[in-house]
Amino acid sequence: MNIESVRRIMRNKIEQTYEDSCSVYEQINVFDEKTKVKKGKRVAIFEDEPCRLSFSRLEAGEKADPASVPSQTVKLFINPDIDIKTGCVIEIMHKGRTYEYERSGQPAVYSSHQEIVLKLCERWS
């Protein structure tokens, strides 16, 4: 068995864990002929892509500091061939609920999958 066969098997096994789906949207400016003004328009880059969300909790740094609060890291596992640009909105259907996130960091791309740290989407600007 060669390395490519092993990679295909690994990718297949990881993709079997994908129980969520996501759609990725990009904000583009479109010129409105009627108003003569450019408006932001939400355009789907791709839809219903299988994926998986992973949640981990980071504890507060200093227990003596009452302002310290625990935070949560949300990570998206998805096909490594997909390019999700910074600033795109990622709408994820997870356990019957829909959440909007945006990419917050450089993806970690592996031959079997990619991992993207997400942050909750505040709103389109």
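Nothing fancy with the numbering, it's 1 onward along the sequence. From a predicted model like this one, the values you see are computed outputs, not experimental measurements.
At a threshold of 4.5 Å between non-hydrogen side-chain atoms, the residues K39 and K41 do not count as touching. Side-chain atoms of V6 and M10, non-hydrogen and from C-beta on, do get closer than 4.5 Å to each other. Residues R7 and Y110 form no side-chain contact, since every pair of their non-hydrogen atoms from C-beta on lies 4.5 Å or further apart. Counting heavy atoms from C-beta on, the side chains of T98 and I92 never come closer than 4.5 Å. Considering only heavy atoms from C-beta on, F46 comes within 4.5 Å of I84 through its side chain. I82 places none of its side-chain heavy atoms less than 4.5 Å from the side chain of I45. Within the 4.5 Å cutoff, no side-chain heavy atoms of Y101 are placed close to those of C22. Taking 4.5 Å as the limit, every side-chain heavy atom of V74 sits out of range of all side-chain heavy atoms of L120.
Remark: Y99 pairs with no residue by the ring pair (Phe, Tyr, Trp, His ring centres under 6.0 Å) rule, at least two apart or across chains.
Considering all non-hydrogen atoms of both residues, C51 and S21 come closest at SG-C, 3.7 Å. The two residues I78 and P50 have their closest heavy-atom pair at CG1-O, 3.8 Å. For R11 against S112, the heavy-atom pair with the smallest separation is CG-O, 3.4 Å. Across all non-hydrogen atoms, the minimal contact from R52 to D20 is CA-OD2, 3.5 Å. Here the closest non-hydrogen pair linking P107 and Q114 is CB-OE1, 3.4 Å.
Atom OH of Y25 and atom CD of E100 lie 8.0 Å apart (nearest 0.5 Å). Atom NZ of K75 and atom OG of S54 lie 6.5 Å apart (nearest 0.5 Å). A distance of 12.5 Å separates NZ in K38 from CG in D32, rounded to the nearest 0.5 Å. Taking OG1 from T17 and NE2 from H113, the interatomic distance works out to 9.0 Å, rounded to the nearest 0.5 Å.
A continuous path of ILVMFWY side-chain contacts below 4.5 Å connects V24 to L53, so both sit in one hydrophobic cluster. Connection of V43 to V37 is not established within any shared hydrophobic cluster, with ILVMFWY side chains joined at heavy-atom distances below 4.5 Å, either directly or through further cluster members. I3 and I9 are not part of a single hydrophobic cluster, where members link through side-chain heavy atoms under 4.5 Å apart.
A salt bridge links K95 with E19: at least one charged nitrogen is closer than 4.0 Å to a carboxylate oxygen. A salt bridge links R42 with E91; the closest basic N to acidic carboxylate O contact falls under 4.0 Å.
Counting non-hydrogen atoms of neighbouring residues, nucleotides and ligands closer than 6.0 angstrom, the NZ atom of K36 exceeds 12 such neighbours.
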